[in-house]
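Have a look at the structure below before the remarks.
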Amino acid sequence: MGNRVMLVERNRLMLEKLTQVVQGTNGFELVARYQSISDALGQGTIFNPNLILLDIEEQNSVALIADFLKVYPKAAILCMGEKWKAESASHIVQAGARGYIIKPFTGLELQEAVDTFVKLGTEAGCETLVFFSPKGKSGKTTLIANLATALARKTHEQVGIIDADLQFGDMSVFFNLAPKTTIVEAARDAKFLSPVTLHPYFMPVMQNVSVLCGTATPNLIDKVSIRRFENIISMSRSLFRYLLIDVPPGFNPTSIAAAEQSNTTFLVSMINDAYEIDHMKRALEIFKDWEDYEERVKAIFTRVEPCNSQSQRELARQLGYPVTAIIPNEYGIVSDAADNGKMATDIRPDSPLAQSVDRLADEITGRGHRIRWSAS
């Protein structure tokens with residue numbers, strides 16, 4: 001069945017403009033249109049729409065959506081407005097709408113909105129995972145890239161990566177990308193974007209995995225304000241089932257802003273000397289300001305040898321905090337994979353590195369927003 005559209009728009013001129021867009025878009029049939037909310041609720045059922053484009057400007061959106069869901073329980077609702085607002089978008093999704101689109105829109109944007117929201121879901125189901133390190137050289141980039149691949153492979157869901165290490169992020173180098181748009185352009189345009197129009201700023205790197213690359217040069221850090229960075233995260237939550245965010249080491253406005261919006265923040269440290277445990281302890285102390293930090297903050301150690309349950313238990317004992325995952329030192333495999341433009345988990349799926357990443361992916365996908373630790 002194609003998209004049988006009912007258009008509800010109070011402004012007459014906008015109604016005419018959107019009518020032309022819907023009628024001119026392949027796969028969409030305009031079966032009814034209304035300026036009056038009451039008429040749409042009272043008369044539209046005979047047209048059996050399966051997609052409702054609903055104007056919520058200056059309306060009590062939550063109550064309005066509830067009314068339409070009651071009358072049209074089998075129809076998907078896309079709300080329309082003149083400006084995307086994270087708080088409003090979150091409220092309409094919680095009320096039962098599939099998503100939000102800025103008007104006026106093109107036929108291509110309408111199609112992308114349906115593909116994104118109606119077919120893939122909304123931010124209500126997005127798992128936002130932030131990867132933070134007390135210091136640099138933690139192995140975060142390798143972990144995030146391979147974990148994203150594992151999540152996409154296991155779930156067949158959309159996975160997004162945001163490289164928010166604004167000075168020294170190297171996700172584009174890791175994936176051998178030459179991006180035309182980066183987080184700098186996304187932040188510049190954020191005021192005028194919605195999730196649908198943000199999507200092209202992400203670069204696809206493999207099936208179901210896309211990356212919003214970091215700044216091209218370190219001096220561009222000031223081009224990404226915290227407010228717009230937060231908007232980018234909020235919009236991205238509507239695009240992906242899993243959103244992985246690489247933040248700069250240390251506590252700074254960028255890493256704090258991302259952590260505040262996360263479902264889970266992973267503290268990642270590479271085992272080189274005895275100082276890593278102390279650094280992780282200090283980081284945990286800061287996160288204790290969250291009432292639910294024991295549920296939201298998870299510890300990961302990379303380059304652990306031997307990489308076994310005994311080492312995991314010993315690290316947890318030294319840290320005084322559960323260790324969610326340990327990753328072995330397999331630099332050779334990672335290097336070979338990068339040289340061939342592939343992920344280490346793909347070229348050696350039987351390696352200890354791939355197995356460790358798979359276990360972490362299983363933890364994330366199998367237990368939803370709350371990842372519990374067990375020393376196995």
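Predicted, not measured: the structure shown is a model, and the values here were computed from it.
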Would you indicate whether the side-chain heavy atoms of [Y] and [X] approach each other to under 4.5 Å?
X: Asn48; Y: Val31; answer: no
X: Met171; Y: Cys213; answer: no
X: Met80; Y: Leu18; answer: yes
X: Ile183; Y: Asp163; answer: no
X: Leu315; Y: Ile277; answer: yes
X: Lys135; Y: Tyr275; answer: no
X: Leu319; Y: Leu284; answer: yes
X: Leu360; Y: Ile300; answer: yes

May I ask whether [X] and [Y] are part of the same hydrophobic cluster, defined by side-chain heavy atoms of I, L, V, M, F, W, Y residues being less than 4.5 angstrom apart, directly or through others?
X: Tyr100; Y: Leu108; answer: no
X: Ile52; Y: Val62; answer: no
X: Tyr34; Y: Val71; answer: yes

Give me the ring orientation class for Tyr321 and Tyr293: parallel if the planes are under 30° apart, tilted from 30 to 60°, perpendicular past 60°.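 Ring orientation of Tyr321 relative to Tyr293: parallel.
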Backbone N or O of [Y] within a donor-acceptor pair of the [X] side chain at under 3.5 Å?
X: Thr25; Y: Phe28; answer: no
X: Lys191; Y: Arg228; answer: no
X: Thr365; Y: Ala361; answer: yes
X: Ser311; Y: Cys307; answer: no
X: Glu185; Y: Thr182; answer: yes
X: Asn3; Y: Gly27; answer: yes
X: Gln23; Y: Leu30; answer: no
X: Glu109; Y: Val196; answer: no
X: Thr302; Y: Lys140; answer: no
X: Asn208; Y: Arg153; answer: no

State the [atom1]-[atom2] distance between [X] and [Y], to the nearest 0.5 angstrom.
X: Glu157; Y: Leu151; atom1: CD; atom2: CG; value: 10.5 Å
X: Leu166; Y: Thr217; atom1: CG; atom2: OG1; value: 11.5 Å
X: Ile256; Y: Phe132; atom1: CD1; atom2: CZ; value: 8.0 Å
X: Tyr201; Y: Leu212; atom1: OH; atom2: CG; value: 10.0 Å
X: Phe131; Y: Leu267; atom1: CZ; atom2: CG; value: 11.0 Å
X: His199; Y: Leu239; atom1: NE2; atom2: CG; value: 5.0 Å

Could you tell me which non-hydrogen atom of [X] sits nearest to which non-hydrogen atom of [Y], and how far apart they are?
X: Gln312; Y: Ala325; result: NE2-N, 4.1 Å
X: Phe175; Y: Ala145; result: CZ-CB, 3.6 Å
X: Pro49; Y: Gly44; result: CD-O, 3.7 Å
X: Ala75; Y: Leu51; result: CB-N, 4.3 Å

Testing Ile77, Ile56, Leu78, Leu64 for side-chain contact (heavy atoms from CB on, under 4.5 Å) with Ile92, which one passes?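 Testing Ile92 for a side-chain contact (heavy atoms from CB on, under 4.5 Å) against Ile77, Ile56, Leu78, Leu64 leaves exactly one candidate, Ile56.
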By salt bridge (Lys or Arg N to Asp or Glu O under 4.0 Å), Arg10 pairs with (sequence neighbours left out) Asp55
Glu29: partners by salt bridge (Lys or Arg N to Asp or Glu O under 4.0 Å), with sequence neighbours left out: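 For Glu29, the residues satisfying salt bridge (Lys or Arg N to Asp or Glu O under 4.0 Å) (neighbours in sequence not counted) are Arg4.
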Any Lys/Arg nitrogen of Glu285 or Lys288 sitting under 4.0 Å from an Asp/Glu carboxylate oxygen of the other? yes
Lys103/Glu9 salt bridge by N-O under 4.0 Å criterion: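 Salt bridge: yes.
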Do you see a donor-acceptor pair shorter than 3.5 Å between the side chains of [X] and [Y]?
X: Ser234; Y: Asn231; value: no
X: Thr19; Y: Glu16; value: no
X: Gln318; Y: Glu314; value: yes
X: Gln261; Y: Thr128; value: no

Stepwise side-chain contact (heavy atoms from CB on, under 4.5 Å) check, Ile327 with Thr142: CA-CA 10 Å; Ile327 309 297; Thr142 299; over 6 Å; no
With Pro253, which residues qualify under side chain to side chain contact (heavy atoms under 4.5 Å, CB included), at least two apart? Ile226
Lys154 atom NZ: more than 12 heavy-atom contacts under 6.0 Å: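 Yes, the 6.0 Å shell around NZ holds more than 12 heavy atoms from other groups.
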Within the supplied structure, the quantity of interest is the number of heavy atoms (other residues, nucleotides, ligands) at a distance under 6.0 Å from Asn26 CG; does it exceed 12? no
Begin with the C-alpha distance, continue with both residues' side-chain angles, and end with the deciding distance and a verdict on side-chain contact (heavy atoms from CB on, under 4.5 Å) for Phe240 and Ile162. CA-CA 11 Å; Phe240 303 103; Ile162 297 179; over 6 Å; no
